[in-house]
Amino acid sequence: AQSVSQHNHHVILSEAASLELGCNYSYGGTVNLFWYVQYPGQHLQLLLKYFSGDPLVKGIKGFEAEFIKSKFSFNLRKPSVQWSDTAEYFCAVNPGGATNKLIFGTGTLLAVQP
Amino acid sequence: DAGITQSPRHKVTETGTPVTLRCHQTENHRYMYWYRQDPGHGLRLIHYSYGVKDTDKGEVSDGYSVSRSKTEDFLLTLESATSSQTSVYFCAISAGTGHNSPLHFGNGTRLTVT
């Protein structure tokens with residue numbers, strides 16, 4: 001069965017530190033990849049997405065992610081985090097892209113200390 | 001934000017009682033989804049709909065049923081609620097399945113089964 005792994009469950013950073021959150025998926029075919037963010041008490045919002053083309057994808061709020069097909073990875077990065085980035089981050093995969101039935105990772109809780 | 005309204009926002013119910021959660025959208029999107037969010041599991045797809053009266057199961061559909069009699073409404077029913085169904089339930093919508101059709105999420109319903 002397809003799965004998505006987020007190995008960092010809880011990350012604590014100081015403001016201005018760089019961020020990289022890992023995401024690996026298990027599916028050998030064409031995939032669509034997403035990162036969603038959930039701020040405390042809110043619903044999920046789309047940060048960025050990859051469907052095809054340039055494997056380096058830029059999203060909102062200074063986030064970017066790189067699709068490395070050979071490693072089945074789609075890691076999220078931000079060069080300098082802010083306190084307002086405190087949230088839970090979910091990687092998601094749409095294997096085959098047929099119906100938008102996303103498979104989510106278990107999430108990474110990011111706490112940024114001022 | 002996409003026009004998605006979930007009701008109720010919070011509900012406490014007893015084991016064995018039926019519960020219906022409602023998702024209402026004003027975007028006229030074709031696809032609607034019900035996910036549950038649990039600590040350590042991320043979001044898991046319960047059921048989804050690809051049109052009026054067209055629904056299909058997700059990965060955790062046991063104990064749940066859905067109905068979609070109108071484009072704008074997607075109902076999730078727990079026929080006989082159990083404590084394992086205590087969770088936060090998110091409805092999502094998308095216009096299609098391509099790269100221009102990401103999922104948009106509602107604000108969630110927090111259900112507690114005692």
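Lettering follows sequence order; numbering is per chain, from 1.
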Give, as side chain, backbone, both or neither, the part of A/Y36 having an atom under 4.5 angstrom from any heavy atom of chain B. side chain
Which atoms of [X] come close to chain A, meaning under 4.5 Å heavy atom to heavy atom: side chain ones, backbone ones, both, or neither?
X     : answer
B/E59 : neither
B/L45 : side chain
B/F90 : side chain

Verify same cluster id: [X], [Y] (apolar side-chain graph, 4.5 Å):
X     : Y     : result
B/L76 : B/V12 : no
B/V88 : A/L44 : yes
A/L13 : A/L76 : yes
B/L75 : B/I93 : no
A/F51 : B/Y31 : yes

For residues B/Q37 and A/Q38, determine if any side-chain heavy atom of one lies less than 4.5 Å from a side-chain heavy atom of the other. yes
What heavy-atom pair brings B/L43 and A/F104 nearest, and what distance separates the two atoms? O-CB, 3.5 Å
List the atom of A/K49, the atom of B/P102, and the distance in Å for their closest heavy-atom pair. NZ-CD, 4.1 Å
Largest heavy-atom contact set with chain B, pairs under 4.5 Å, which of A/L109, A/L46, A/T106: A/T106
Checking the side chain of B/Y33 only, and the main-chain atoms of A/L102 only, is there a donor and an acceptor separated by less than 3.5 Å? no
Flag if over 12 foreign heavy atoms under 6.0 Å of CD, A/Q113: yes
Give a yes or no on whether A/R77 atom CZ has more than 12 heavy-atom contacts from other residues, nucleotides or ligands under 6.0 Å away. yes
